[in-house]
Amino acid sequence: MKGLIVMNRKALKQEAKETLKGRWKEAVLLNLIPTAIMIIASIILVSLFMLFFSLFDFNSYSSYSSMDHANNASSSGGGGLISGLLTALFTVGISWTFLDLLRNPGREIRPFKDATRGFRDAFLGPIIGLYLLQAVFIFFWTLLFIIPGFIKGYAYSQTYFIYYDTYATTGEKLRFTDCITASRQLMKGHKMQLFILDLSFIPWYLLGILTFGIGFLWITPYVNTTKAAFYNTLAEAETIEEN
């Protein structure tokens, strides 16, 4: 049976700080680029939406108000899914970059290229597939009660890292279910540790809110690098045990 690793939160955070030392400008740009892209995309989509509907006289469709409400609800759900997918594509690619930095301190941060790496052919389909499959699994677990879904979210938390690690080292594209299974096994006994690590960032999140969101430009790289260090520690320990 795999031994339980006691995570040192202070050490993980210190490792993240050391990794980002002298790179904060690039790290901030790395997170700022997807934010700017999504804001611009949202403005364009809203503008197109308003332009499209301004072409119609909605007063003549008043008899279809109930249908409109249903369509709006459907659009809202679809919009949430698309927004979640876009966020995952950016966030996952950025997290992989921080994992690379932890393992190779001499690596450069290429803000635009690294921020959009999730959209490359090798990763676009897998990220979307893993996102949708996890969403389905967590949804059904949540139907039992909220807590099982919450726990499974932490069990699946290393899925993207595992896919990337396997592909980067072997060129093999793991099946989505295999990635999720590997994440569950890796997180046995460590879900609570990651949960507590997340809780430890609450003061930083509050600071980000107090700075009207500006602070998150620095907080987000710090959090993501710390979580990459969490995965890296687990992965290294598992490799040592296997050998």
Side-chain angles (χ1 to χ4, degrees), residues 16-17 19-49 75-104 107-135 138 153 156-165 167-168 179 197-198 201-202 204-232:
K17 291 175 183 176
T19 299
L20 295 170
K21 188 176 181 180
R23 301 168 179 263
W24 283 105
K25 178 181 177 181
E26 292 83 1
V28 168
L29 282 173
L30 182 62
N31 284 271
L32 183 60
I33 286 172
T35 301
I37 290 174
M38 292 189 74
I39 289 174
I40 293 171
S42 297
I43 292 173
I44 292 173
L45 287 174
V46 170
S47 299
L48 290 174
F49 180 84
S75 299
S76 177
L81 178 63
I82 293 173
S83 176
L85 276 172
L86 287 175
T87 300
L89 286 165
F90 283 120
T91 302
V92 170
I94 290 172
S95 295
W96 289 346
T97 298
F98 291 133
L99 179 63
D100 290 342
L101 288 174
L102 285 163
R103 294 173 171 176
N104 180 16
R107 184 193 187 281
E108 286 185 40
I109 297 178
R110 299 155 297 185
F112 183 80
K113 190 173 182 179
D114 288 334
T116 57
R117 67 193 304 192
F119 292 85
R120 296 177 196 168
D121 291 342
F123 302 128
L124 179 62
I127 290 175
I128 293 174
L130 288 169
Y131 176 86
L132 293 175
L133 189 58
Q134 289 181 84
I138 292 173
Y156 304 156
S157 62
Q158 310 306 308
T159 300
Y160 298 111
F161 281 127
I162 290 169
Y163 179 87
Y164 175 69
D165 239 357
Y167 181 78
C179 291
L197 179 63
D198 281 338
F201 287 112
I202 289 178
W204 287 104
Y205 296 143
L206 293 175
L207 179 62
I209 293 171
L210 290 174
T211 57
F212 301 100
I214 296 175
F216 283 108
L217 291 175
W218 287 265
I219 296 168
T220 302
Y222 175 44
V223 172
N224 287 340
T225 307
T226 303
K227 289 190 174 184
F230 181 95
Y231 165 76
N232 196 44

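For the numbers below, each heavy atom of this structure counts, side chains included, while hydrogens, waters and symmetry mates do not. Source: prediction; values computed, not measured. In what follows, residues are counted from 1 in the order of the sequence shown.
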Of all the heavy-atom pairs spanning [X] and [Y], show the shortest one and how long it is.
X	Y	result
I162	C179	CD1-O, 4.0 Å
T225	P221	OG1-O, 2.6 Å
W204	Y222	NE1-CE2, 3.8 Å
A115	P34	CB-CD, 3.9 Å
L30	P111	CD1-O, 3.4 Å

Supply the atom-to-atom distance [X] [atom1] to [Y] [atom2], rounded to the nearest 0.5 angstrom.
X	Y	atom1	atom2	value
I214	I219	CD1	CD1	11.0 Å
N31	F216	CG	CZ	12.0 Å
I109	L29	CD1	CG	9.5 Å
Y205	T220	OH	OG1	7.5 Å
D114	L101	CG	CG	8.0 Å
I37	F119	CD1	CZ	7.5 Å

Classify the ring geometry of Y231 against F161: parallel below 30°, tilted from 30° to 60°, perpendicular beyond 60°. parallel
Is the ring pair W96/Y163 parallel, tilted or perpendicular, if the boundaries are 30 and 60 degrees? parallel
Pair up each side-chain donor or acceptor in residues 127-135 with any protein partner under 3.5 Å, not counting sequence neighbours, and list the distances.
residue: Q134; atom: NE2; partner: L130; partner atom: O; Å: 3.2
residue: Q134; atom: NE2; partner: Y160; partner atom: OH; Å: 3.4

Could you pull out all residues at least two apart from Y164 that satisfy side chain to side chain donor-acceptor pair (under 3.5 Å)? D100, R117
Taking the side chain as every heavy atom from C-beta outward, state whether R110 and T97 have any pair of such atoms under 4.5 Å apart. no
Can you name the one residue among L20, N232, V223, T19 that meets side chain to side chain contact (heavy atoms under 4.5 Å, CB included) with F98? L20
Only one of L85, T91, L89 passes side chain to side chain contact (heavy atoms under 4.5 Å, CB included) with T87, and that residue is T91
